[in-house]
4 protein chains.
Amino acid sequence: MRKLDPVKHEEKRREILGAAERCFVRDGLQGASVSSICAEAGISPGHLYHYFSSKEAIISAMIEVRLAEAAARFAKLAEGADVLDTLFGEMTVSRSGPPLLLEALAEANRSPTMAKALQDHTKGVHSLLAELLEKGQAAGAIDPGLDRNITASLIISIIDGSKTLCLRDPKLDVKQATKALQTMIIRYLAPPPDPRTR
Amino acid sequence: MRKLDPVKHEEKRREILGAAERCFVRDGLQGASVSSICAEAGISPGHLYHYFSSKEAIISAMIEVRLAEAAARFAKLAEGADVLDTLFGEMTVSRSGPPLLLEALAEANRSPTMAKALQDHTKGVHSLLAELLEKGQAAGAIDPGLDRNITASLIISIIDGSKTLCLRDPKLDVKQATKALQTMIIRYLAPPPDPRTR
Amino acid sequence: MRKLDPVKHEEKRREILGAAERCFVRDGLQGASVSSICAEAGISPGHLYHYFSSKEAIISAMIEVRLAEAAARFAKLAEGADVLDTLFGEMTVSRSGPPLLLEALAEANRSPTMAKALQDHTKGVHSLLAELLEKGQAAGAIDPGLDRNITASLIISIIDGSKTLCLRDPKLDVKQATKALQTMIIRYLAPPPDPRTR
Amino acid sequence: MRKLDPVKHEEKRREILGAAERCFVRDGLQGASVSSICAEAGISPGHLYHYFSSKEAIISAMIEVRLAEAAARFAKLAEGADVLDTLFGEMTVSRSGPPLLLEALAEANRSPTMAKALQDHTKGVHSLLAELLEKGQAAGAIDPGLDRNITASLIISIIDGSKTLCLRDPKLDVKQATKALQTMIIRYLAPPPDPRTR
DNA sequence: GATGAATGAGGTTTCATTCAT
DNA sequence: CATGAATGAAACCTCATTCAT
């Protein structure tokens, strides 16, 4: 009876994280208050501290979850056959991207904790990407002259940048933009035309 | 009876903006407090409100200045002869980019004021870029099949994204990354090889 | 899990209102500061906002209480048999009247919220008074020629005015003044001498 | 050239007082800020302190002016022949009375300075009124049994109270109310019917 | 006479957090 | 597990006032 169910505990944690995320999206990482999170989660402030030791812990946990999700999504895509399809899965321009990514990037500029989390997560995605590129190069689908590590970093940064497209121009045609983005990637990665075949 | 120097007023405003920027970079837009700005500027809290009506007004003014600077820098580059040179001027990967850009982008997700400022500024840069591309196409240096508007947007977003490169991987070789970035742009913009010449 | 005592909550609210009232009497509605109220109530500033959402809410609640008390006092008096006795109960001139009435009246000139509260409360007292007057007229104790509504308003305003007597002349003989006030009311309300009885 | 014109000085003072009054009426004695007064008067804060040594001095001066005006108005009325006409001149119910009177009365509860000013001014009006009543009694127009001092105080308080009529009931018929007020005064002051004449 | 720069205390309110129950 | 009372520092901003020009 007084044994705490660790499953329920984790469930509640996730519930709170969901509420917190809504608040952070609405008000920013620094702008959202603990009490607003409590209100959104429907719990008392005292209770929240049973699950998280501080506001910062909530942010860390939430970012962790978000980054893990992104990595998982990417890993799943990577299982697919085609290299480019994988990339394009993450590279869709959309009007409402994950707003917390920008918050996290901004925060990483200042907070070493956030920077660490971001870099750790990046490493995972980066190596996955580098692997993909290697496969592509082996298969002749990708320019073998490209440095895999640099290219992987570049692709990640392009995905980051694509999140600002709609922010900067709300009237942007997302379909066209997505297509153009993919064209650019294709042209970059494509192996140079073999002079012998011409 | 004689009006006091409006020049001095503007000077002080700029001084305060400088102090504010240092604080915002250090602590974030929401994290920096008015009193910390006052301390950094060496003035009293009451006095700050002689020059700015609110913290938000400080942020707006500062962002305005920053965006104007960026636009001016870009316009100056655009005067140069070569299209690609112009682009590459802004596209250098560096370890300490303008940290406020990410803050502003994150804020634009929530604050309509910030979003408006960002979009207005983007418009200016965007049309400049589109013009450049047009010239390049006319000169045969750029693929005439590319939509100038979409491409301009894309290039801006890539510049945005390039600011995250070092955040995500502090050990990144910036020179190589810069070069790779430029390669990507070149391959994207290059006109397709003329079949007749082969 | 079990709800905490709402009775205690209400008690604390009342306690704070008491402290607030002392401060407002001492320093005026605008002159009293929230922190002085906190000090008087022996609580921290943050805690006060658990019970009242703003300083204005405190004022509203306090005025509400005061006006309700006044109305209740009046209603109780009205249960007594005699019409004039009832009136005179409220009409005693005293050296230390309810100082907040004047504050509230002054505030009502500017704040629609306060004006509304005052007018709502006045309505209650006014109808009670009009009823009383009607009874008196029916019983022949009051001049049937008087308009009950106007007379009720007039009486209320006279009670208001009586609060300034000692302010304007601190050496005033309150007993005599009270008597004179009552005389005036008597003469006003008295039915005209019946010519037939003379 | 460097002799200051005392006339101009006085003029400016009055101008500032006028602006101050508008502010005080709008925002209350404590609610109006010095800078709002400066804005209303179209002068700089530093300049205001050439004319008044403090905010309190402004309030004092303004109240002084207002009370003097009231006294003068009253004195002028008193020159007229009829006693009652004089009284009724001041006793009109109006929708927008001098709002500062209530502020001043409230303030007098707390500030000895204000209390003193109010009491001094009251003395003047009071003695004038007592004189008037005496004349009326001598002429047989007023009940000789009334104590002149008490009656004068009472009348003043009734005038005070009449300022709250429209505050408490904004829909009040001011004409009827004025008439009723006068009726009351008449009935109070009227000499008792002489039994011999009946 | 007149300006507006400058102050610093203090205004109301919100914050993250702790604790008794 | 869960509450909400309680804290006190700090948030943004306004205030009355002074001073150099």
Side-chain angles (χ1 to χ4, degrees), chain A residues 1-5 8-9 12 30-38 42-58, chain B residues 1-6 8-9 12 30-38 41-58, chain C residues 1-6 8-9 12 30-38 41-58, chain D residues 1-5 8-9 12 30-38 42-58:
Chain A
M1 205 232 258
R2 64 220 50 149
K3 267 245 174 98
L4 22 144
D5 190 342
K8 284 233 170 161
H9 188 85
K12 193 80 185 176
Q30 297 175 323
S33 72
V34 169
S35 56
S36 77
I37 295 173
C38 290
I43 60 173
S44 65
H47 198 29
L48 183 140
Y49 282 82
H50 272 277
Y51 294 96
F52 297 95
S53 63
S54 69
K55 183 184 171 183
E56 222 204 303
I58 300 176
Chain B
M1 202 183 243
R2 68 195 175 292
K3 284 266 187 253
L4 266 232
D5 207 343
K8 284 234 170 151
H9 188 88
K12 194 81 185 177
Q30 299 177 323
S33 74
V34 170
S35 56
S36 77
I37 295 174
C38 290
I43 61 173
S44 64
H47 197 27
L48 183 141
Y49 285 85
H50 248 50
Y51 295 94
F52 298 94
S53 62
S54 68
K55 183 185 171 182
E56 221 204 305
I58 300 177
Chain C
M1 202 184 245
R2 67 197 174 293
K3 285 267 187 251
L4 266 232
D5 206 344
K8 284 232 170 156
H9 188 87
K12 193 82 185 176
Q30 299 177 324
S33 73
V34 170
S35 54
S36 76
I37 295 174
C38 290
I43 62 174
S44 64
H47 197 26
L48 183 140
Y49 284 84
H50 248 50
Y51 295 95
F52 298 95
S53 62
S54 68
K55 184 185 172 184
E56 220 204 307
I58 301 176
Chain D
M1 203 231 254
R2 62 219 51 142
K3 267 243 175 99
L4 24 142
D5 190 341
K8 284 232 170 162
H9 188 85
K12 194 82 185 174
Q30 297 175 322
S33 73
V34 170
S35 57
S36 76
I37 295 173
C38 290
I43 62 173
S44 65
H47 198 29
L48 183 139
Y49 282 81
H50 272 278
Y51 294 95
F52 297 94
S53 62
S54 69
K55 183 184 171 184
E56 223 204 303
I58 300 176

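Letters A, B, ... are given to chains in the order of the sequence lines, protein chains preceding strands, and every chain is numbered from 1. Computed from a predicted structure; not experimentally measured.
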Along DNA chain F (nearest heavy atom to each residue), the more 5'-positioned of A/S44 and D/S36: A/S44

Under-4.0 Å side-chain N/O to phosphate OP1/OP2 contact, C/H47 with F/dG8: no

Candidate nucleotides E/dT13, F/dC1, E/dG8, ranked by approach to the side chain of A/H50 - the nearest: F/dC1

Between CG on residue A/L48 and CD1 on residue A/I37, distance to nearest 0.5 Å: 7.0 Å

N/O (side chain, B/Y49) to phosphate O (OP1/OP2, F/dC13) under 4.0 Å: yes

Sugar-phosphate only, base, or nothing, as touched by B/V34 at under 4.0 Å among non-hydrogen atoms: sugar-phosphate

Sugar-phosphate only, base, or nothing, as touched by B/A57 at under 4.0 Å among non-hydrogen atoms: nothing

Sugar-phosphate only, base, or nothing, as touched by B/K8 at under 4.0 Å among non-hydrogen atoms: nothing

Rounded interatomic separation in angstrom, taking CD1 from C/I37 and C1' from E/dG11: 12 Å

F/dA11 phosphate, OP1 or OP2, under 4.0 Å from B/S33 side-chain N/O: yes

Separation of B/H47 NE2 from B/C38 SG (nearest 0.5 Å): 10.0 Å

Nearest non-hydrogen partners of A/H9 and A/H50, listed with the distance: CE1-O, 4.1 Å

Phosphate contact (F/dA11 OP1 or OP2) by B/S35 side-chain N/O below 4.0 Å: yes

Nearest to side-chain heavy atoms of C/Y51, which nucleotide of E/dT13, F/dA5, E/dG1: F/dA5

Closest contact, heavy atoms only, C/K55 versus C/Y49: N-OH, 4.4 Å

Rounded distance in Å - CG (B/L48) to C1' (E/dA5): 13 Å

Side-chain N or O of B/S54 closer than 4.0 Å to phosphate OP1/OP2 of F/dC12: no

Rounded distance in Å - NE2 (C/H9) to P (E/dT21): 19 Å

Nucleotide F/dT14, atom P - distance to CD of C/Q30 in whole Å: 16 Å

Residues B/K12, B/I43; criterion side-chain contact (heavy atoms from CB on, under 4.5 Å); working and verdict: CA-CA 10 Å; B/K12 194 81 185 177; B/I43 61 173; 3.9 Å; yes

Nearest heavy atoms of A/S36 and A/S33, plus distance in Å: OG-O, 2.7 Å

5' precedence on DNA chain E between B/P45 and C/S53 (nearest-nucleotide basis): B/P45

Along DNA chain E (nearest heavy atom to each residue), the more 5'-positioned of B/G42 and C/K55: B/G42

Interatomic distance where CG belongs to D/D5 and C1' belongs to E/dG1 [whole Å]: 12 Å

D/I43 CD1 to E/dT3 P, straight-line distance once rounded to whole Å: 7 Å

Secondary-structure stems, DNA chain F, at least 3 Watson-Crick or G-U base pairs under 3.5 Å: E:2-21 with F:2-21

